[in-house]
Asker: 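This is the structure I want to talk about, given as structure tokens.
This is a predicted model, so every value here is computed, not measured.
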Amino acid sequence: LRLCFTPDSLGSGESIHKERGQVIGQRAGGFRGCCVWLTGLSGAGKTTLSFALEDYLVGRGVPAYTLDGDNIRTGLNKNLGFTPEDREENIRRISEVAKLFADGGIVAITSFISPFARDRQQARVLHESAGLSFFELFVDSPIEVCEQRDVKGLYRKARAGIIKGFTGIDSVYEKPDHPDLVLKSSEWTVSECVEKVVSLLVKQGILSVAMCINIMELFVPGDRVEAMKAEAQDLPKLNITLVDCQWVQVLSEGWATPLTGFMRESEYLQCLHFGCLLDEGVVNLTVPIVLPVSSEDKERLEHAMAFTLVYEGKNVAILRHPEFHAHRKEERVSHVWGTSNPRHPHIKVLLLFNPHHTDTSQH
């Protein structure tokens, strides 16, 4: 390998970091490195949650790594004890390592008691001064529950005076005043806690919705079925074909996630021209899922806030907030099949479809 450049062509370290982040984000569907800092009492569930979060992210192609006592105290910080000074240095080193991980495009997940608010604030400043996001998560569990979970017997030894300076017993734990997220680990399941963390990362723009979205079924909840049936009976009606009804089933069972109904015009055009949806990250979807309607039905329904889909006399779905637009049949067949020849059997059928689409959210 021979590198051909002049020193000036390399650019500054800041620009290199920015470019690296952009490349990693493109590969991971909009991802950017950050630090997720879990703090709480011993036994609160920090390590369990951190590894569950790491597993969730890695399983979806997001690089993530957990730093905890097992891989820090036995290596990098094995020369530190548990005096206030050593605890401060322990957190300082962890903060520096987490910052490097985040700068490399990784979700650095730290799982440490980190009892002092000053140390956690310094960790935040370290990241944010480098342009990296930092999220302080308080794993909130009553000390009574933590003691019940204490398989190593640390609380028992601390109360017996065998262990000195144990956080929560004879050493203070300073709860976060304004954490980015509170995880009630004694009340919520691990999965529920992970979902809340992922939602935070999506809301803060670290992850795209498309990367972490779960299958979204559109079926009416059981306790609302009768009310929805009554509503459907009173709404305007639109008769649909067998193919349309089959697409309703595809949507309702979540096979077209993240669609929440038939494609709106922007989604339809993204599907035709790019083979994917782009509004919430990149989601591969090459088949248009649309509902053709006639000009007469468009004029009848375009001012309705909702209407009922009817197949063979049976109400099958309610569509809300409709948006009507041109079908663009020739454009559709050309992109999907690479030809507009009407002798193609599928193209022949499609060209007979109605001239408009309605795109809605569906129940």
Asker: Less than 4.5 Å apart, side chain to side chain, heavy atoms only: is that true for Leu319 and Leu238?
Answerer: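 Contact flag for Leu319/Leu238 side chains = no.
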Asker: Using the salt bridge (charged side-chain N to carboxylate O under 4.0 Å, His left out) rule, take Arg120 and Glu174 through it: C-alpha gap first, then chi angles, then the decisive distance, then the call.
Answerer: CA-CA 10 Å; Arg120 299 193 299 266; Glu174 299 173 357; 5.6 Å; no
Asker: Examine distances only and state if a side-chain atom of Asp86 and a backbone atom of Thr83 form a donor-acceptor pair shorter than 3.5 Å.
Answerer: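 Not a single qualifying donor-acceptor pair exists.
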Asker: Got Thr339 and Val333 here, is their nearest side-chain heavy-atom distance under 4.5 Å?
Answerer: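 SC-SC contact between Thr339 and Val333 ruled out.
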Asker: How long is the gap from CG on Leu277 to CG on Asn284, to the nearest 0.5 Å?
Answerer: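 Nearest 0.5 Å value for the CG-CG distance: 9.0 Å.
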Asker: Could you report the tightest heavy-atom contact between Asn90 and Phe112, atom names first, then the distance?
Answerer: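 Distance-wise, the nearest heavy atoms are ND2-CD2, 4.5 Å.
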Asker: Under 4.5 Å between any side-chain heavy atoms of Gln122 and His127, yes or no?
Answerer: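 Contact flag for Gln122/His127 side chains = no.
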Asker: Do Leu80 and Ile163 belong to the same hydrophobic cluster, where Ile, Leu, Val, Met, Phe, Trp and Tyr are linked whenever their side-chain heavy atoms lie under 4.5 Å apart, directly or via other members?
Answerer: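 No: no chain of side-chain contacts under 4.5 Å links Leu80 to Ile163.
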Asker: Please evaluate residues Glu331 and Arg328 with respect to the criterion salt bridge (charged side-chain N to carboxylate O under 4.0 Å, His left out), reporting the C-alpha separation (whole Å), side-chain torsions for both, the decisive distance (0.1 Å), and the verdict.
Answerer: CA-CA 5 Å; Glu331 183 177 351; Arg328 297 183 175 89; 3.8 Å; yes
Asker: Please lay out, stage by stage, how Glu96 and Arg93 fare under the test salt bridge (charged side-chain N to carboxylate O under 4.0 Å, His left out).
Answerer: CA-CA 5 Å; Glu96 293 285 357; Arg93 295 182 188 180; over 6 Å; no
Asker: Taking the six-membered ring of Tyr56 as reference, does the NZ or CZ atom of Arg60 fall below 6.0 Å from its centre and within a 45° cone about the axis?
Answerer: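 Yes, a cation-pi geometry.
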Asker: Counting distance only, does the side-chain N/O of Glu88 pair as donor-acceptor with the main-chain N or O of Asp119 below 3.5 Å?
Answerer: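 Not a single qualifying donor-acceptor pair exists.
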Asker: Using atom types as modelled and distance alone, determine if a side-chain donor or acceptor of Tyr268 lies under 3.5 Å from a backbone N or O of His325.
Answerer: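 Between the backbone of His325 and the side chain of Tyr268 there is no qualifying donor-acceptor contact (under 3.5 Å).
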Asker: Taking the side chain as C-beta and beyond, is there a heavy-atom pair between Leu181 and Lys196 under 4.5 Å?
Answerer: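 Yes, at least one pair of side-chain atoms sits under 4.5 Å.
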Asker: What heavy-atom pair brings Val139 and Ser185 nearest, and what distance separates the two atoms?
Answerer: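 Closest approach of Val139 to Ser185, heavy atoms only: CG1-OG, 3.6 Å.
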Asker: Go through the steps for Thr39 and Tyr173 under the test side chain to side chain donor-acceptor pair (under 3.5 Å), then give the verdict.
Answerer: CA-CA 10 Å; Thr39 177; Tyr173 174 76; 2.8 Å; yes
Asker: Can you run down the salt bridge (Lys or Arg N to Asp or Glu O under 4.0 Å) pairs that involve residues 231-252, sequence neighbours left out, and say none if there aren't any?
Answerer: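 Counting only pairs at least two positions apart or across chains, the salt bridge (Lys or Arg N to Asp or Glu O under 4.0 Å) contacts touching residues 231-252 are Glu231-Arg320.
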Asker: Got a donor-acceptor contact below 3.5 angstrom from the Arg332 side chain to the Leu272 backbone?
Answerer: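 No: the side chain of Arg332 does not pair with the backbone of Leu272.
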Asker: Are the charged groups of Glu267 and Arg264 less than 4.0 angstrom apart, N to O?
Answerer: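 Here Glu267 does not pair with Arg264 in a salt bridge, since their nearest N and O are not under 4.0 Å apart.
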Asker: Can you find a pair of side-chain heavy atoms, one from Val107 and one from Tyr65, that are under 4.5 Å apart?
Answerer: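 Of all side-chain heavy-atom pairs linking Tyr65 with Val107, none is under 4.5 Å.
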Asker: Using 4.0 Å as the upper bound for N to carboxylate O, is an ion pair formed by Asp180 and Arg124?
Answerer: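 Counted as a salt bridge, because a side-chain N and a carboxylate O are separated by less than 4.0 Å.
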Asker: For the pair Ser340 and Glu330, evaluate side chain to side chain donor-acceptor pair (under 3.5 Å) and give the outcome as yes or no after the intermediate values.
Answerer: CA-CA 6 Å; Ser340 58; Glu330 292 77 9; over 6 Å; no
Asker: So if you build clusters from Ile, Leu, Val, Met, Phe, Trp, Tyr with side-chain heavy-atom gaps below 4.5 Å, do Val97 and Leu126 land together?
Answerer: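 No; Leu126 is not reachable from Val97 via cluster members.
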Asker: Given the rule that I, L, V, M, F, W and Y join up when any side-chain heavy atoms are under 4.5 Å apart, are Val290 and Val250 in one cluster?
Answerer: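 Yes, because Val290 and Val250 connect within a single hydrophobic cluster, where side-chain heavy atoms sit under 4.5 Å apart.
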Asker: Step through the shown structure and confirm whether more than 12 heavy atoms of other residues, nucleotides or ligands are within 6.0 Å of NE2 on His273.
Answerer: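 Atom NE2 in His273 is crowded, with more than 12 foreign heavy atoms closer than 6.0 Å.
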Asker: Please report the closest heavy-atom contact between Ser42 and Cys146, naming both atoms and the distance.
Answerer: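 Here Ser42 and Cys146 meet closest at O-CB, 3.3 Å.
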Asker: So, do Ser114 and Trp37 sit near enough that their side-chain heavy atoms are less than 4.5 Å apart?
Answerer: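 Heavy-atom side-chain distance check passes, below 4.5 Å.
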Asker: Applying the 4.5 Å side-chain criterion to the ILVMFWY set and letting contacts propagate, would Val58 and Ile106 be lumped into a single cluster?
Answerer: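 As far as the 4.5 Å side-chain criterion goes, Ile106 and Val58 are not connected within one cluster.
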Asker: Side chains of Ser133 and Ile206: does their closest heavy-atom pair fall under 4.5 Å?
Answerer: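 A side-chain contact under 4.5 Å exists here.
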Asker: Is a side-chain donor or acceptor of Ser111 paired with a backbone partner of Thr47 at a separation under 3.5 angstrom?
Answerer: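 Yes.
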Asker: Taking Ser50 as the fixed residue, which of Val194, Leu38, Val197 is the one that meets the side-chain contact (heavy atoms from CB on, under 4.5 Å) rule?
Answerer: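 Per the side-chain contact (heavy atoms from CB on, under 4.5 Å) rule, the option paired with Ser50 is Leu38, out of Val194, Leu38, Val197.
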Asker: Could you check whether the rings of His346 and Trp337 sit parallel, tilted or perpendicular, using 30° and 60° as the cut-offs?
Answerer: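 The arrangement is parallel - the two ring planes meet at less than 30°.
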Asker: Is the backbone of Ala130 close enough, under 3.5 Å, to the side chain of Lys99 for a donor and an acceptor to pair up by distance?
Answerer: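 Absent.
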Asker: Hey, are the side chains of Leu53 and Val198 touching, using non-hydrogen atoms and a 4.5 Å cut-off?
Answerer: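 SC-SC contact between Leu53 and Val198 confirmed.
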Asker: Please name the pair of heavy atoms, one in Ile347 and one in Pro342, separated by the smallest distance, quoted to 0.1 Å.
Answerer: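 Where Ile347 meets Pro342 most closely, the heavy atoms are CG2-CA, 4.2 Å.
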Asker: Going through the checks in order, is the side chain to side chain donor-acceptor pair (under 3.5 Å) test met by Glu144 and Gln148?
Answerer: CA-CA 6 Å; Glu144 298 79 15; Gln148 293 173 5; over 6 Å; no
Asker: Shortest non-hydrogen contact from Gly261 to Leu251?
Answerer: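 Of all heavy-atom pairs spanning Gly261 and Leu251, the closest is O-CD2, 3.6 Å.
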Asker: Might you point out which heavy atoms bring Cys276 and Leu278 nearest each other, and give the distance in Å?
Answerer: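 In terms of heavy atoms, the two residues are closest at SG-CD2, 3.6 Å.
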Asker: Strictly below 4.0 Å, N to O, side chains only: are Glu147 and Arg159 in salt-bridge contact?
Answerer: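 Looking at Arg159 together with Glu147, the answer is yes, because their closest N to O distance falls below 4.0 Å.
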